[in-house]
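The chain is numbered in sequence order, starting from 1.
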Amino acid sequence: MFFLGAFLSTAKAADWYAPQDPFRVLGHTYYVGTGGISAVLMTSPAGHILVDAGGPEAAAQVVAHIRKLGFRVEDIRYILNSHAHQDHAGAIADLQKLSGATVLASPAAVRVLESGQPDRGDAQYPNLTSMPPVARTRAVRDGETIHLGPLAVTAHFTPGHTNGGVSWTWQAEENGRTVNVVFADSLTALAAKGLRFSGNPLYPQAQADVERSFATIEALPCDVLVAAHPEAGGLWERKARQAALGAAAFIDADACRQYAGQARVRLAQTLRAEAAPGKAPSPLAAQAVP
């Protein structure tokens with residue numbers, strides 16, 4: 001159990017940028033993010049792949065973490081994005097400038113990354129912050145696999161939390177065993193105060209999208225889960241067992257199903273609250289599509 005409800009109720013008060021020592025998860029996969037925002041590095045002799053980079057405040061930490069592990073930021077060839085919110089993508093521009101990497105995301109997320117401006121159709125829009133525009137981007141297709149030397153990372157579109165959400169999967173080897181790693185995007189049905197997640201005229205399919213994304217995550221081959229917010233996927237509970245169990249501490253074949261299940265509970269709570277008598281319609285209903 002991930003205690004996702006407790007995580008969501010305290011997330012905004014939590015220090016997402018708290019210091020966190022980098023560590024090897026298993027094989028060529030390393031955690032280089034902060035205490036509350038995940039960033040994962042895959043390494044190879046042909047170059048490295050970074051998934052997410054945190055908010056602007058996290059850039060220096062992520063760079064220092066990569067170097068502390070003995071790798072060169074300049075050897076990052078691709079930076080992959082889960083979703084284009086400032087807390088997960090705000091540091092990408094800095095990492096891209098340092099590395100010259102190509103930034104990969106869904107078409108909807110690329111539009112936000114290139115402009116640096118939040119998507120007005122996002123139910124969290126009034127609370128979203130602009131971020132430095134990102135250069136050298138490329139949109140990926142759902143199911144597309146990115147190859148770099150021995151590395152192969154596959155994009156799985158998981159919209160709903162945002163219109164352009166992507167989860168990423170790859171394989172890593174530890175002690176002769178090959179395991180499936182999932183970097184799962186956020187699946188939570190969230191809206192800014194006074195707005196609806198359901199019935200948003202600028203993103204009317206949000207509920208249907210997030211429900212499909214639950215099914216996508218549940219169906220993935222998943223031995224090791226790293227969620228966009230590490231607490232939401234139980235990463236720190238597993239990390240606490242690493243000293244005793246080694247890389248095996250991170251393996252849980254049921255982790256993705258639990259993660260999606262908790263997000264499904266959150267969606268049901270959101271829909272019940274929005275259906276309550278007296279719930280005001282979203283102010284977005286009066287806005288024209290820009």
Side-chain angles (χ1 to χ4, degrees), residues 1-7 20-44 48-52 54 62 65-66 68-71 80 82 88 143 145-156 158 165-188 213-266:
M1 182 66 67
F2 296 150
F3 304 106
L4 182 59
F7 161 72
Q20 168 61 49
D21 287 337
F23 57 91
R24 188 167 71 92
V25 179
L26 49 74
H28 56 57
T29 298
Y30 299 82
Y31 186 90
V32 295
T34 65
I37 305 289
S38 293
V40 169
L41 185 73
M42 286 164 274
T43 64
S44 85
H48 312 320
I49 297 176
L50 178 68
V51 187
D52 279 355
V62 172
H65 291 167
I66 293 169
K68 184 174 182 178
L69 290 168
F71 303 110
L80 317 181
S82 60
H88 301 276
T145 298
I146 311 305
H147 295 275
L148 178 64
L151 304 179
V153 188
T154 300
H156 305 269
T158 46
V166 182
S167 297
W168 302 89
T169 64
W170 61 92
Q171 291 186 324
E173 185 175 317
E174 182 76 19
N175 295 326
R177 177 183 179 184
T178 299
V179 300
N180 297 294
V181 183
V182 177
F183 188 105
D185 188 24
S186 297
L187 298 179
T188 48
S213 294
F214 298 158
T216 296
I217 293 295
E218 286 172 329
L220 290 174
C222 178
D223 300 306
V224 175
L225 169 67
V226 179
H229 286 279
E231 295 101 318
L235 183 67
W236 302 134
E237 289 84 353
R238 295 186 181 93
K239 177 69 172 67
R241 299 192 292 269
Q242 186 182 27
L245 300 178
F250 294 105
I251 297 175
D252 182 350
D254 199 43
C256 283
R257 286 188 292 271
Q258 289 189 44
Y259 182 64
Q262 290 297 312
R264 187 175 279 110
V265 169
R266 170 67 190 211

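- Remark: the backbone N or O of Asp185 is not paired with any side-chain donor or acceptor of His88 at under 3.5 angstrom.
- Between Tyr30 and Thr43 the shortest side-chain heavy-atom distance falls below 4.5 Å.
- Residue Ala228 comes nearest to Ser82 through the heavy atom pair CB-OG, 4.4 Å, listed as atom of the first residue, atom of the second, then distance.
- The minimum heavy-atom distance linking Ile66 with Val32 is given by the pair CG1-CG1, 4.1 Å.
- Within the 4.5 Å cutoff, no side-chain heavy atoms of Leu26 are placed close to those of Arg177.
- Side-chain atoms of Thr169 and His156 include a donor-acceptor pair closer than 3.5 Å.
- Across Ile37 and His229, no two heavy atoms sit closer than the pair CD1-CE1, 3.3 Å.
- With contacts defined as side-chain heavy-atom distances shorter than 4.5 Å, the pair Trp170/Ile49 does not qualify.
- Separation of atoms CD (Gln258) and SG (Cys222) is listed at 10.0 Å; rounding is to 0.5 Å.
- Here the straight-line distance linking atom CD of Gln171 with atom OG1 of Thr29 works out to 11.0 Å at 0.5 Å rounding.
- Here Phe250 pairs with Phe23 under the ring pair (Phe, Tyr, Trp, His ring centres under 6.0 Å) rule; sequence neighbours left out.
- The structure places CD of Glu218 at 10.0 Å from CG of Asp254, a figure rounded to the nearest 0.5 Å.
- Minimum heavy-atom separation, Asp52 to Ala39: O-CB, 3.4 Å.
- Side-chain contact between Val179 and Glu174 is absent, with no heavy atoms from C-beta onward closer than 4.5 Å.
- Atom CG of Leu225 sits about 11.5 Å away from atom CZ of Arg257, to the nearest 0.5 Å.
- Taking every heavy atom of both residues into account, Ser38 and Tyr31 meet most closely at CA-OH, 3.4 Å.
- Between Tyr259 and Val182 the shortest side-chain heavy-atom distance does not fall below 4.5 Å.
- Contact annotation: the side chain of Asp21 approaches that of Lys68 to within less than 4.5 Å [non-hydrogen atoms, C-beta and beyond].
- Trp168 is not listed as a side-chain neighbour of Met42, based on a closest heavy-atom distance of 4.5 Å or more.
- The ring pair (Phe, Tyr, Trp, His ring centres under 6.0 Å) check on His48 picks up Phe71, with sequence neighbours excluded.
- Checked against Thr158 for a side-chain hydrogen bond (donor to acceptor under 3.5 Å, both in side chains), the options Ser186, Ser167, Ser213 give a single hit: Ser167.
- With sequence neighbours excluded, the residues satisfying side-chain contact (heavy atoms from CB on, under 4.5 Å) with Arg241 are Glu237, Arg238, Leu245, Ala249.
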